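To start, the structure itself, in structure tokens.
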Amino acid sequence: MQTSTPTSTQLYEAIYVSTIAPELAIRSVADIAGKARIANQIKGITGLLIFDGMRYCQQLEGSQKQVLSLMEKIRHDPRHINVEILHHGELADRRFKSFSLGYTTVADPEVLERLEKLDGQAAIQAFLALLSHVDYA
């Protein structure tokens, strides 16, 4: 039996949680998201950024090469600390087809704190459950 190996053009996703750098003004996050929308569109990346005032949770989807490259950039971005990748792997179909980067906030900081403790399929399920409670369109 032959197993498939992801190629750089297959649809791929990553979900991570990180903490905002202490010196970064919270009001700048929406501006950062606006700039990321443009960059993501150029790279064929779609996804959703959720911010709770302290933590970011982001789901990225696109080609494996582009998603992994962006994740590496985020890992080294001084605006993020404690970057935790909760899940990454092949994706059958885009979850966010209508925009390059949706952005929303959640008022309850415990939501992303709980999500941060998960990984793999449990992280995906918690992320998807979260979508029904946020307005990201």
Side-chain angles (χ1 to χ4, degrees):
M1 181 194 267
Q2 195 173 17
T3 59
S4 82
T5 312
T7 68
S8 63
T9 58
Q10 284 179 304
L11 195 55
Y12 198 81
E13 79 173 329
I15 300 172
Y16 75 89
V17 173
S18 66
T19 303
I20 189 170
E23 64 279 356
L24 189 64
I26 291 173
R27 66 184 174 276
S28 66
V29 174
D31 183 51
I32 292 166
K35 291 176 182 167
R37 279 186 184 109
I38 296 165
N40 286 2
Q41 189 171 21
I42 292 167
K43 296 175 183 173
I45 293 176
T46 54
L48 177 66
L49 174 64
I50 303 170
F51 184 62
D52 71 3
M54 187 173 135
R55 285 181 189 80
Y56 306 98
C57 175
Q58 188 169 19
Q59 186 268 3
L60 301 166
E61 53 195 25
S63 74
Q64 181 182 20
K65 180 180 178 181
Q66 292 293 346
V67 169
L68 293 178
S69 175
L70 182 53
M71 279 307 312
E72 193 61 24
K73 183 177 176 184
I74 289 168
R75 280 182 167 291
H76 293 95
D77 187 330
R79 298 174 293 190
H80 296 264
I81 56 173
N82 303 322
V83 177
E84 293 290 328
I85 298 174
L86 307 179
H87 164 77
H88 65 94
E90 292 181 46
L91 181 64
D93 199 22
R94 287 186 190 265
R95 300 183 208 286
F96 305 102
K97 297 174 185 174
S98 60
F99 47 79
S100 58
L101 178 64
Y103 172 70
T104 191
T105 59
V106 292
D108 183 357
E110 291 182 12
V111 171
L112 296 185
E113 183 179 344
R114 285 190 300 270
L115 183 62
E116 186 176 33
K117 296 175 183 172
L118 302 173
D119 63 6
Q121 199 60 36
I124 293 171
Q125 294 303 323
F127 178 79
L128 294 175
L130 178 61
L131 297 182
S132 65
H133 301 291
V134 297
D135 180 18
Y136 58 87

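As the structure is a computational prediction, the values presented were derived from the model and not from experiment. Sequence positions, counted from 1, serve as the residue numbers for this chain.
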Gln58: partners by side chain to side chain donor-acceptor pair (under 3.5 Å), with sequence neighbours left out: Tyr16
Grab the two heavy atoms, one from Ala21 and one from Pro78, that are nearest each other, plus how far apart they are. CB-O, 3.1 Å
Does the pair Arg94/Glu13 count as a salt bridge with the N-to-O cut at 4.0 Å? no
Do any N or O atoms from the side chain of Glu61 and from the backbone of Phe96 form a donor-acceptor pair under 3.5 angstrom? yes
Search all heavy atoms of Ile20 against all heavy atoms of Ala25 and return the closest pair with its distance. CD1-O, 4.5 Å
Close side-chain approach of Leu91 and Tyr12, heavy atoms under 4.5 Å: no
Hydrophobic clusters join Ile, Leu, Val, Met, Phe, Trp and Tyr when side-chain heavy atoms are under 4.5 Å apart, directly or via other members; which others share one with Ile81? none
Keeping to residues at least two apart or across chains, list the salt bridge (charged side-chain N to carboxylate O under 4.0 Å, His left out) pairs with something in residues 29-39. Asp31-Lys35
According to ring pair (Phe, Tyr, Trp, His ring centres under 6.0 Å), does anything in residues 27-64 pair up with another residue at least two apart or in another chain? List the pairs. Phe51-Tyr56, Tyr56-His80
One should read off an interatomic distance between Leu60 CG and Met71 CE, to the nearest 0.5 angstrom, of 6.5 Å
Could you give the side-chain donor-acceptor pairs of residues 107-129 under 3.5 Å, partners two or more places apart or in another chain?
| unit_1 | atom_1 | unit_2 | atom_2 | d |
| --- | --- | --- | --- | --- |
| Asp108 | OD1 | Glu110 | N | 2.9 |
| Glu116 | OE1 | Arg55 | NE | 3.0 |

State whether the number of non-hydrogen atoms from other residues, nucleotides or ligands found under 6.0 Å of His88 atom NE2 is greater than 12. no
Taking only residues two or more places apart in sequence, or in another chain, which ones meet Arg75 in a salt bridge (charged side-chain N to carboxylate O under 4.0 Å, His left out)? none
